[in-house]
Number of protein chains: 2
Amino acid sequence: MAPRPRPSLDTVFAALADPTRRAILTMLLEDDMAVTDVAEPFEMSLAAISKHLTILAGAGLITQEKRGRVKWCKLEPDAMKGASVWMQGFGQFEPVNLDAFERFLGTELGLGSEE
Amino acid sequence: MAPRPRPSLDTVFAALADPTRRAILTMLLEDDMAVTDVAEPFEMSLAAISKHLTILAGAGLITQEKRGRVKWCKLEPDAMKGASVWMQGFGQFEPVNLDAFERFLGTELGLGSEE
DNA sequence: TGCATATTCAACCAAACGGTTGACGATTGC
DNA sequence: GCAATCGTCAACCGTTTGGTTGAATATGCA
């Protein structure tokens with residue numbers, strides 16, 4: 001496949017604006033996954049998840065590779081770089097508080113209340 | 001002062017997904033601005049800008065204070081903190097490359113070509 | 001008082017979004 | 001070969017988004 005088009009801030013931020021898509025990205029932190037497996041925990045159709053994955057791929061946040069009849073989804077965290085740098089220009093945020101991140105993961109996965 | 005409700009990742013990312021709104025935030029880096037002045041450089045109605053500002057305020061990215069008949073808009077960069085931390089959990093991005101940020105500002109403000 | 005300025009409101013519009021369902025093309029395995 | 005599995009496509013649906021216009025509401029000023 002041709003070198004991925006540089007993901008725009010528009011598409012990256014828009015992709016990240018949906019909680020389902022953020023949850024998918026979080027799942028992919030663990031490991032690459034097949035589309036069906038990505039869809040499993042969600043209460044929506046496979047087709048809907050497939051669309052979300054297309055949007056994530058469009059933003060460059062994941063890549064998809066078909067092996068046999070299974071399509072594998074792989075996280076591409078570098079796609080967040082531009083957006084991350086952009087935001088950091090607005091203030092020096094604490095040098096990556098991983099504790100806070102763990103908590104975010106909890107709420108993102110729906111383990112906690114939204115407050 | 002009542003602590004503002006914690007802006008959600010949904011609203012923050014959605015607010016940042018629009019180029020007009022990102023440009024507004026960039027303008028507000030310089031200084032607080034009145035609504036009319038914010039609208040001036042854009043080729044769209046004042047009402048449209050007013051809506052964008054409402055969305056930015058809803059995400060906590062700006063606050064608005066009315067003094068006399070003028071409503072002042074103030075950047076609130078801390079509202080990006082949660083989103084920034086969330087993204088950093090996906091990879092350690094270079095510790096704030098300000099050069100890159102300057103370049104982003106250029107393209108965001110439409111001073112350079114998109115490519 | 002009366003007019004200009006600053007901003008929002010209300011109604012409307014086309015397009016995009018997020019979801020559904022059912023049919024379909026590929027691939028795998030018995 | 002045939003049935004099951006994987007994933008997307010196409011059509012459809014209601015809601016949201018990003019914009020418009022024109023009227024309305026405050027406020028400032030001469």
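From a predicted model like this one, the values you see are computed outputs, not experimental measurements. Chain identifiers are assigned alphabetically (A, B, ...) following the order of the sequence lines, protein sequences preceding nucleic acid strands; residue numbering begins at 1 within each chain.
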Any side-chain heavy-atom pair of A/Met27 and A/Leu75 under 4.5 Å
no
Taking atom C1' of C/dG29 as reference, at what distance in whole Å does atom CZ of A/Arg69 sit?
8 Å
How many Å lie between CG on A/Leu53 and C1' on D/dG7, as a whole number?
10 Å
Of A/His52 and B/Trp72, whose closest DNA chain C nucleotide lies nearer the 5' terminus?
B/Trp72
In the single-linkage hydrophobic clustering (I, L, V, M, F, W, Y; side-chain heavy atoms under 4.5 Å), do B/Phe13 and B/Ile55 co-cluster?
no
Distance in angstrom units between B/Asp10 CG and D/dT17 P, rounded:
11 Å
Presence of A/Arg21 side-chain N/O under 4.0 Å of C/dG18 phosphate oxygens OP1/OP2:
yes
With a 4.0 Å cut-off on heavy atoms, is A/Ala47 in touch with a base, just the backbone sugar-phosphate, or nothing at all?
base
Starting at atom CD1 of A/Ile49, determine the distance to atom C1' of C/dT21, rounded to an integer number of angstrom.
16 Å
Rounded to the nearest angstrom, tell me the gap between atom CG in B/Leu46 and atom C1' in D/dG22.
14 Å
Rounded off to whole Å, could you give me the CD1-to-P distance for the A/Ile24 and C/dG18 pair?
11 Å
Residue B/Thr36, side-chain atoms from C-beta onward, closest of C/dT7, D/dT8, C/dG19
C/dT7
Taking 4.0 Å as the cut-off, does a side-chain nitrogen or oxygen of A/Ser50 come that near to OP1 or OP2 on D/dT8?
yes
Look at the side chain of A/Lys66 against the base of D/dG7 and say whether a donor-acceptor pair falls under 3.5 Å; ignore hydrogens and angles.
no
Report the nucleotide, chosen from C/dT8, D/dC6, D/dG19, that has the shortest atom-to-atom distance to any side-chain atom of B/Ala48.
D/dG19
Length of the CD1-C1' vector between B/Ile55 and D/dT16, whole Å
10 Å
Choosing from C/dT8, D/dG7, C/dA6, which nucleotide comes nearest the side chain of A/Val35?
D/dG7
Considering all heavy atoms, the nearest B/Ala15-B/Ala59 contact
CB-CB, 3.9 Å
Base, sugar-phosphate, or nothing: which does A/Arg67 touch, judged by heavy atoms less than 4.0 Å apart?
nothing
Is A/Leu61 close to A/Leu16 at the side-chain level, that is, under 4.5 Å between some pair of heavy atoms?
yes
Would you indicate, yes or no, if C/dG19 has its OP1 or OP2 atom less than 4.0 angstrom from a side-chain nitrogen or oxygen of A/Ser45?
no
Which whole-number value in Å describes the distance from B/Met44 CE to C/dC13 P?
21 Å
Quick one: do A/Trp72 and A/Leu28 end up in the same hydrophobic cluster if we chain Ile, Leu, Val, Met, Phe, Trp and Tyr together by side-chain heavy atoms under 4.5 Å apart?
no
